Amino acid sequence: MRRPNLARTLRALDRARAEFGSAKVALVPTMGALHAGHLALVRRARQRAERVIVSIFVNPTQFAPHEDLASYPRTFAEDLAALAREGVDLVWAPSAEVMYPDGFATRIAPEGAAKAGLEDAFRPHFFGGVATVVAKLFLQCRPDFALFGEKDFQQLKVVTRLARDLDLRLRIIGVPTVRERDGLALSSRNAYLGEAERAVAPVLYGTLKQCAQSVAAGSSVAKALAHGRKAITAAGFVLDYLEARNAETLAPLNKHGDEPIRLLVAARLGRTRLIDNVGV
Ligand code: PAF
């Protein structure tokens, strides 16, 4: 097992990146606290490219002051060991000072899917922070491919558009959500769940699946969502949204009902906010 090269400064990153020469490079951007979902991204990256970079950076600009930046799980030593087992070539782990040096004053303001009225309605600062750091990661690492989980479905749409709009010349690849046996989508934030909350958490995916089945079987979308909202609230969640959207644009559904549909949910259990989504 070879430990991946670890770069903490731009100079070290440039040196390590130059050693890749003309090899195809894939980047897996993460905030660490790696789980099997991240490792699925890494494995897909290895299938796509000859060299794999994983970035680990808990990005302060995508957290609002009242959110969990300080308590976000940090497991750097375990993350490095897992990435070594996966044969990752390079870990890019800048400090906040390297990513946002004194005087930093630029922020990307994404529109389109970033203004769909889903995550953005509850975390208005979020996609600006994500778009800015992801654009920086792409420019720093210069990958041919970058891989993102479908669990953060709106984020996947936003970074896909960002890469196109800014001519960043890489291909964004979405990777299906990895789930626990009971259906709960893997997330670093699942670590916040208490025992009783963990037992309830799979209701979210169960309800999404039921809604998707009802819609596929011809039930009205509005009816299926109304049932779903009731079930999620009855299980003890505080629901932020359960919505059906165009799977490509995330726009509200048109009247003809002839488009690919994605069901998306966000809900809070105690202090833990969970998101998930499924296709119909
Ligand atoms: O999905 C995440 O972990 C983060 O939002 C990302 C893409 C690494 C940007 O900080």
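The structure presented is a predicted model; accordingly, all values stated were derived computationally and were not measured. Read the numbers this way: they start at 1 and go in the same order the structure lists the ligands and their atoms.
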> Quick one: which ligand 1 atoms are inside 4.0 Å of a heavy atom on Q155?
Replying inline: 1 (O), 2 (C), 4 (C), 5 (O), 7 (C)
> Any nitrogen or oxygen of N59, main chain or side chain, under 3.5 Å from a nitrogen or oxygen of ligand 1?
Replying inline: no
>> Evaluate D152 for polar contact with ligand 1, using N/O atom pairs at a separation under 3.5 Å.
In response: no
> Between T30 and ligand 1, which residue portion shows a heavy-atom distance shorter than 4.0 Å: side chain, backbone, both, or neither?
Replying inline: backbone
>> Can you tell me how far apart NZ (K157) and CG (N246) are? Round to the nearest 0.5 Å.
In response: 8.5 Å
> If you measure only the distance, is there a donor-acceptor pair under 3.5 Å linking the side chains of N59 and Y100?
Replying inline: yes
> If you count the atoms of ligand 1 from 1 in the order shown, which ones are under 4.0 Å from a heavy atom of Q62?
Replying inline: 4 (C), 5 (O), 9 (C), 10 (O)
>> Between H227 and Q210, is there a side-chain donor-acceptor contact under 3.5 Å, judged purely by atom types and distance?
In response: no
> Which atoms of ligand 1 have any heavy atom of V133 under 4.0 Å away?
Replying inline: 9 (C), 10 (O)
>> Students often mix this up, so state it plainly: with edges at 30° and 60°, are the rings of H66 and H125 parallel, tilted or perpendicular?
In response: perpendicular
> Can a donor-acceptor pair be found between the side chains of N190 and E180 at a distance below 3.5 Å?
Replying inline: no
> How close does the nearest protein non-hydrogen atom get to atom 3 (O) of ligand 1, and which residue and atom is it?
Replying inline: M31 CG, 3.6 Å
> Is the closest side-chain donor-acceptor distance between Y241 and E119 under 3.5 Å?
Replying inline: yes
